[in-house]
Protein chains: 4
Amino acid sequence: MSPRSSQQLARMREETREKILGTALQLFARRGFHGASIGEIARQAGLSKGLAYHYFESKQAILEAIIEEGFAEIERMMTVALDVEDPHQKLVVLLERTFAVTEQDSEFWRVFTGLILQPDIWEGFQQRFMKFFEGVIGSFVDLFASLGFEDPRAEALLFAATLDGIMLHFILDQPEYPLEQVKNGLIRRYQKR
Amino acid sequence: MSPRSSQQLARMREETREKILGTALQLFARRGFHGASIGEIARQAGLSKGLAYHYFESKQAILEAIIEEGFAEIERMMTVALDVEDPHQKLVVLLERTFAVTEQDSEFWRVFTGLILQPDIWEGFQQRFMKFFEGVIGSFVDLFASLGFEDPRAEALLFAATLDGIMLHFILDQPEYPLEQVKNGLIRRYQKR
Amino acid sequence: MSPRSSQQLARMREETREKILGTALQLFARRGFHGASIGEIARQAGLSKGLAYHYFESKQAILEAIIEEGFAEIERMMTVALDVEDPHQKLVVLLERTFAVTEQDSEFWRVFTGLILQPDIWEGFQQRFMKFFEGVIGSFVDLFASLGFEDPRAEALLFAATLDGIMLHFILDQPEYPLEQVKNGLIRRYQKR
Amino acid sequence: MSPRSSQQLARMREETREKILGTALQLFARRGFHGASIGEIARQAGLSKGLAYHYFESKQAILEAIIEEGFAEIERMMTVALDVEDPHQKLVVLLERTFAVTEQDSEFWRVFTGLILQPDIWEGFQQRFMKFFEGVIGSFVDLFASLGFEDPRAEALLFAATLDGIMLHFILDQPEYPLEQVKNGLIRRYQKR
DNA sequence: TATGAATGAGCCTTCATTCAT
DNA sequence: CATGAATGAAGGCTCATTCAT
């Protein structure tokens, strides 16, 4: 009733929500969306199935929230790179941020990549993220243009593919993958010029 | 032994088998392994659920057959690249074959990538393919060594990531993705030296 | 913890559980374990198939619960006989109890005997009951020893066989079988001495 | 075409028939009627499913043939006992024959006992065998009457129960069960008088 | 907010049986 | 006589979702 207790309540709600989301992310990553069950998510999150449905109206809604929050964090982390003026510096910051995100949210990327590969599920998300990807490619093109590349679009596509390929390999090899070494290799490649 | 001409029988069996495998590939690609049902596969392949089980002992076995056949074809297509002596030429042939395989079997790659991302299902396949991937990376390292790279291992990792990233992007954008342009960009990059 | 009165809940659970077990016992008795289906059990018990699986994790588990509960009751009923000191009196009490159990739980005995005859299913239960049977035979041997039989082991085996044979015949002929008359015949046989 | 070859053919038919029946008996004994499948029977008998259906029109028919043949053999073996005049001698021969049959056809008895316990399947057989059982009990009554028992019917029931109980125990303990010892115990019991 | 009983559809799989050859 | 491809009906089991409390 008091503002204090309602604040506490809101915090608890938020904690439960995050608990569900975190557990679901783990299980989606391990078994895929169809392979993970709400029952297991609830049990592992330490709450009842019914309660899970108080927080999310469906399994699909849980997935949507995961993707939404994942992208919110990614955008948060990447905005830093946009402020850098010097193109060489910008590329370095961009790489550093990208690798940091990759490393930090590897479970999210696993789910996200799996999702994107499944037309049936991805369909509902597609439109929401189209602009995002186009924006990324666009800023890559601008970057490589200002770095003086002959064919900045081709280079941007290669660059994007390389980043996603690294992410994929990192997800799969996880603790063994030499992310740092690969990052430095990339930085060197674009500094040499 | 058999009252039916055994040749005719074998052909029928092979046709039905391929029909099941092809349909399953499509549906696994569209909905993922867990999302696709044997019922739908059978219906779309024009046969009864029971018959599908006459040909494959489980859903898992269908997936295994798909992966097995897919890799058989890939190995068939890639062996050509191994015969080329000149390193620059070899890299070009390698790229050409890789892109051809990517284009030809994009549905297979979609399923395969989705599979690799799902620890639960992948587990059973892992061992079978470990050697294959290690072999690929190994031959990439050799190639870049003979091309005179300072750190051929780092370059090989980047190269592999780039190829897989391109494959991923191609799968996702399919008819729009400028595969040819990207391929030429890559060839140019390694020819400049 | 629970929003429902937990007492009420426990009672409901127990009632549903017993309903399932009772119906399953009937159907296992009528059609055998493999011949009875969960669907039919559920329908006849007035609940959904899904709910049956909420209470028991498998058909096998239902059977196990039936056997477990059956034996619990039998042990409860037979312990009385153990307290009797005088051997003649003990044998009479033993017979009386045995025949009472036979009559009361004839459906259970039908299922149990069917089970014991099917190596595939019985396998999983064997160990659990070995000690029980050995104990029974052992106490029969002691009894006939204290009754002064020359070869108490041989007599115990015959006695056990007779009891099980009577049980079998009673199960099969049910309302017509002259259980009382047979019991008296047995008592007379061992009193004559 | 020649009488010789048609005889051969008949013998082959008979052999195949017996092969199916024998294999089915084994599997029914191990898994029960519902638990054994025609597919497994055919495979284990070394022939095709289709061929099995040339010999028996249904799974039920196989079971019927097993029971029919089993009883034919039992009747064949038991007729010897009927010729004996002296009651004491007759009882001994009867016991010896019974135990021989038990030992020789234990798999059959396992199936038969399991069958008799399952009202649903047994129903169809009941009438066919009612006379047989009544006849057996009747001859037991006569026997014990001529042996001078006060209540020959009660003794006959006990005797029958003992025999069936021994059979049950023998089936279950198989190689360990001291059949010989038990048989001698029984003979002694009835000789003492 | 929180629980867990309850449902019903659907999934993988098995199997008795039929039939073209 | 003999084969095995083919079917269709269950059967055991799972699971997203709802709902009374």
Side-chain angles (χ1 to χ4, degrees), chain A residues 9 12-13 16 34-43 47-62, chain B residues 1-6 8-10 12-13 15-17 34-42 46-62, chain C residues 1-6 8-10 12-13 15-17 34-42 46-62, chain D residues 9 12-13 16 34-43 47-62:
Chain A
L9 227 67
M12 278 179 59
R13 260 197 83 80
T16 305
H34 286 302
S37 81
I38 293 259
E40 198 181 2
I41 292 168
R43 195 175 339 112
L47 39 86
S48 71
K49 251 187 304 186
L51 192 51
Y53 273 90
H54 265 283
Y55 283 85
F56 298 95
E57 65 177 353
S58 70
K59 195 176 157 185
Q60 175 79 18
I62 295 180
Chain B
M1 275 286 183
S2 157
R4 248 166 186 136
S5 143
S6 71
Q8 192 184 336
L9 207 99
M12 278 177 58
R13 266 198 82 84
E15 270 167 25
T16 308
R17 199 187 128 91
H34 286 305
S37 82
I38 294 266
E40 199 182 0
I41 292 170
L47 36 88
S48 71
K49 247 191 305 187
L51 190 52
Y53 277 91
H54 194 66
Y55 283 84
F56 297 95
E57 67 178 356
S58 68
K59 194 178 162 185
Q60 175 80 18
I62 296 181
Chain C
M1 273 288 183
S2 155
R4 248 166 183 136
S5 143
S6 70
Q8 191 184 337
L9 207 100
M12 278 176 59
R13 267 197 81 83
E15 271 168 23
T16 308
R17 199 188 127 91
H34 286 306
S37 82
I38 293 268
E40 198 181 3
I41 293 170
L47 36 87
S48 69
K49 245 191 305 186
L51 191 54
Y53 278 92
H54 195 66
Y55 283 83
F56 297 94
E57 64 178 358
S58 66
K59 194 179 163 184
Q60 175 81 16
I62 296 180
Chain D
L9 227 66
M12 278 179 60
R13 261 199 82 81
T16 306
H34 286 303
S37 80
I38 293 260
E40 198 180 1
I41 293 169
R43 196 174 340 111
L47 38 87
S48 71
K49 253 187 302 185
L51 191 52
Y53 274 90
H54 264 284
Y55 283 84
F56 298 96
E57 66 177 354
S58 68
K59 194 174 156 184
Q60 176 79 18
I62 295 180

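The structure presented is a predicted model; accordingly, all values stated were derived computationally and were not measured. Basis for what follows: all heavy atoms, side chains included, without hydrogens, waters or symmetry-related copies. Quick note on labels: first sequence line is chain A, next is B, and so on, each numbered from 1.
- With rounding to whole Å, C/Leu47 atom CG is found 11 Å from E/dG8 atom P.
- Listed by chain and residue number, B/Glu69 satisfy the side chain to side chain donor-acceptor pair (under 3.5 Å) test with B/Arg17 (two or more places apart in sequence, or in another chain).
- Checking C/Arg13 against A/Arg13, the closest nucleotide of DNA chain E that is more toward the 5' end is the one next to A/Arg13.
- Smallest separation of non-hydrogen atoms from C/Gly35 and D/His34: CA-CD2, 3.4 Å.
- Listed nucleotides F/dA5, E/dA2, F/dC1 differ in distance to A/Met12; the shortest reach to its side chain belongs to E/dA2.
- Taking the side chain of D/Ser48 as heavy atoms from C-beta on, and the options F/dG4, E/dG4, F/dC1, the nearest nucleotide is F/dG4.
- Under the rule for a side-chain contact (heavy atoms from CB on, under 4.5 Å), the partners of C/Ser37 that lie at least two apart in sequence or sit in another chain are C/Glu40.
- For B/Lys49 against B/Gly39, the heavy-atom pair with the smallest separation is CG-CA, 3.8 Å.
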*Could you go step by step and tell me if D/His54 and D/Arg13 meet the side-chain contact (heavy atoms from CB on, under 4.5 Å) rule?*
CA-CA 10 Å; D/His54 264 284; D/Arg13 261 199 82 81; 5.7 Å; no

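- Taken from OG1 in A/Thr16 to CG in A/Leu47, the straight-line distance is 7.0 Å, to the nearest 0.5 Å.
- B/Tyr53 is linked by a side-chain contact (heavy atoms from CB on, under 4.5 Å) to B/Ile38, counting only residues two or more places apart in sequence or in another chain.
- Among the nucleotides E/dA2, F/dA6, F/dC1, the one closest to any side-chain atom of A/Leu51 is E/dA2.
- Remark: A/Ser48 pairs with A/Leu51 by the side-chain contact (heavy atoms from CB on, under 4.5 Å) rule, at least two apart or across chains.
- Distance, B/Gln8 CD to F/dA5 C1': 12 Å, rounded to whole Å.
- A/Ile41 places its CD1 atom 17 Å from the C1' atom of E/dG4, with the value rounded to the nearest Å.
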N/O contacts under 3.5 Å, protein versus nucleotides 11-13 of chain F?
unit_1: F/dG12; atom_1: OP1; unit_2: C/Ala36; atom_2: O; d: 3.3
unit_1: F/dG12; atom_1: OP1; unit_2: C/Lys59; atom_2: NZ; d: 2.6
unit_1: F/dG12; atom_1: OP2; unit_2: C/Ile38; atom_2: N; d: 2.8
unit_1: F/dC13; atom_1: OP2; unit_2: C/Tyr53; atom_2: OH; d: 2.5
unit_1: F/dC13; atom_1: OP2; unit_2: C/Lys59; atom_2: N; d: 2.9
unit_1: F/dC13; atom_1: O5'; unit_2: C/Tyr53; atom_2: OH; d: 3.3
unit_1: F/dC13; atom_1: N4; unit_2: C/Lys49; atom_2: NZ; d: 3.0

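- From one end of the helix from E/dA2-F/dT21 to E/dT21-F/dA2 to the other, with five pairs defining each end axis, the axis direction shifts by 10° (rounded to 10°).
- Residues that satisfy the side chain to side chain donor-acceptor pair (under 3.5 Å) test with A/Arg43, not counting sequence neighbours, are absent from this structure.
- Counting distance only, with no hydrogens placed and no angle test, the side-chain atoms of D/His54 and the base atoms of F/dA2 include a donor-acceptor pair under 3.5 Å.
- If you measure from atom CG of B/Leu9 to atom P of E/dT21, you get 12 Å, rounded to the nearest angstrom.
- Within the nucleic acid shown, C/Phe56 has no heavy atom closer than 4.0 Å to any nucleic acid atom.
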